[in-house]
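What follows is a set of notes on a single structure, which appears directly below.
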Amino acid sequence: MLSIVLKTRRIRHCIGLMLLLGLTCMAQAQNSPASAAPTDQQALVGKVVFLELVTPDLMAAQRFYGGLLGWTFSEMSSGTVKYVEARADGQPVAALMQKELAAGAKRQPAWLNFIAVSDVDAAKAAALHRGAKLLLDSHTIPHRGRAAIFADPQGAVFAILASSSIDPADVLAAPGEWIWSSLLTRDPDAAAAFYQDVFGYEVFDLGKEGDIDHLMLSSGNFARASVNTLPSSWSKAHAHWLSYVRVENVAAAAQRAVTLGGQVLVAPHMDRHGGMLAVVSDPQGAPFGLLEWSEANSKEQTK
Amino acid sequence: MMNLTLSAWRLALLAGAVPLLVSACVAYGGPATQYEVGVEAGPGYYEPYGFDYGGWGGDYRVAPYRDGMRGGQRGGADHGARAFRAAPSSRAMPSIPSGARSGARSGGRR
């Protein structure tokens with residue numbers, strides 16, 4: 001009888017230990033950054049929270065961005081897909097993926113902006129209702145969230161993302177991190193109305209300079225992007241988004257970009273609000289901006 | 001009694017193994033095809049030619065508003081009706097976030 005009681009206790013202890021082990025493993029898996037589960041935290045709707053580059057030469061792109069911006073890369077390839085995550089001073093800043101670009105194709109690489117939403121399906125419905133074209137339907141990006149890709153009514157390509165974890169905090173971008181985005185388009189008023197309807201932006205008009213409109217999209221009381229007129233002389237250009245990396249010295253960074261095989265598309269110059277700005281492209285032709293910014297520049301204006 | 005003991009051991013192994021397998025799948029992202037969804041988006045990623053910035057020059061001024069710069073004066077008064085709903089003129093013009101990141105980020109990505 002004593003033997004039976006002891007065995008029963010041993011069995012109970014064993015079951016308890018195994019259950020505890022299993023539950024502990026589950027808890028650890030859920031706490032892993034690579035498997036962040038959806039949370040009920042509020043998304044920073046309207047903020048550009050992620051950028052991705054598809055490039056025909058991933059190694060060359062890593063050499064360029066690593067050499068120019070100090071990014072480091074973590075291999076995340078899977079199967080035949082070559083994919084890396086880029087980090088600036090340890091902080092994730094982007095993802096780069098290799099994909100063949102057929103010779104003679106009238107296409108070029110471009111950085112894709114992912115704008116935060118809280119509900120991909122609702123944002124998709126709003127975008128389509130207002131004339132956007134769906135390029136890639138709602139899908140899950142592992143460890144990132146749910147996303148969909150569109151062209152806005154004027155053809156600028158953008159993506160929406162409902163993050164599977166919390167959106168990155170609203171802090172000043174460190175050098176090497178994305179700091180700003182602009183939409184260059186034929187009809188800034190119509191574009192601003194579209195993005196306002198989809199993302200709920202406040203729209204500020206900073207006034208014209210010649211024929212160039214300068215509107216600003218804001219959410220959460222932070223400026224998120226500008227909307228600017230494509231120059232009338234630029235007849236072949238199409239509407240597109242362009243994002244900017246914060247650097248400490250735009251002129252030096254632009255020169256470095258050339259040394260690394262890139263091109264200067266807009267030479268370093270003073271922006272209307274002060275500070276240097278330039279547009280460069282990587283060796284495969286993907287354009288992006290360089291922007292200087294000091295902490296004192298970020299205070300808001302009280303009219 | 002022997003049957004009872006074996007069943008209990010099987011139950012114990014099952015209770016431990018199932019959560020372990022589940023947690024392993026969650027932690028490592030499941031099968032190795034995890035990025036195929038993104039790859040299939042290919043045609044949308046490569047944009048048509050059209051990034052000739054030659055038309056810009058010094059007119060290319062698109063940066064966010066900076067505190068204290070008079071160039072940031074609000075415009076629009078002479079534009080009449082707009083396609084968008086303009087922020088009320090009483091609204092302060094925001095800039096980009098300020099303040100350095102503290103030790104902990106609010107999220108795992110940028």
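FYI, side chains are in, hydrogens and waters are out, and symmetry mates aren't considered; it's all heavy atoms of this structure.
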Do you know which of [options] has the most heavy-atom pairs with chain B at a distance under 4.5 angstrom?
| options | value |
| --- | --- |
| A/Val227, A/Val279, A/Ile212 | A/Val279 |
| A/Leu291, A/Asp197, A/Leu184 | A/Leu184 |
| A/Arg224, A/Met216, A/Met270 | A/Met216 |
| A/Pro56, A/Gly210, A/Ser281 | A/Pro56 |
| A/Phe194, A/Tyr244, A/Tyr195, A/Trp180 | A/Trp180 |
| A/Trp111, A/Phe150, A/Phe222 | A/Phe222 |

inquiry  = Can you tell me which portion of A/Leu101 sits under 4.5 Å from chain B's heavy atoms? Options are side chain, backbone, both or neither.
reply    =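 Backbone plus side chain of A/Leu101, per the 4.5 Å heavy-atom cut-off to chain B.
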- Query: Side chain, backbone, both or neither: which part of A/Thr55 has an atom under 4.5 Å from a heavy atom of chain B?
  - Reply: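 Answer is backbone: N, CA, C or O of A/Thr55 sit under 4.5 Å from chain B.
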Would you say that [X] contacts [Y] through its side chain, given a criterion of any heavy-atom pair below 4.5 Å between the two side chains?
| X | Y | result |
| --- | --- | --- |
| A/His214 | A/Glu209 | no |
| A/Leu112 | A/Leu53 | no |
| A/Pro287 | A/Gln108 | yes |

- [ ] May I ask you to decide whether A/Asp170 forms a salt bridge with A/Lys47, counting only side-chain N to carboxylate O separations under 4.0 Å?
- [x]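 A/Lys47 and A/Asp170: salt-bridged.
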Item to check | Worked verdict on A/Asp271 versus B/Arg61 for salt bridge (Lys or Arg N to Asp or Glu O under 4.0 Å) | outcome: CA-CA 5 Å; A/Asp271 188 74; B/Arg61 294 192 270 189; 6.0 Å; no
message = Tell me whether the count of non-hydrogen atoms from other residues, nucleotides or ligands lying under 6.0 Å of CD in A/Gln263 goes above 12.
response =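 No.
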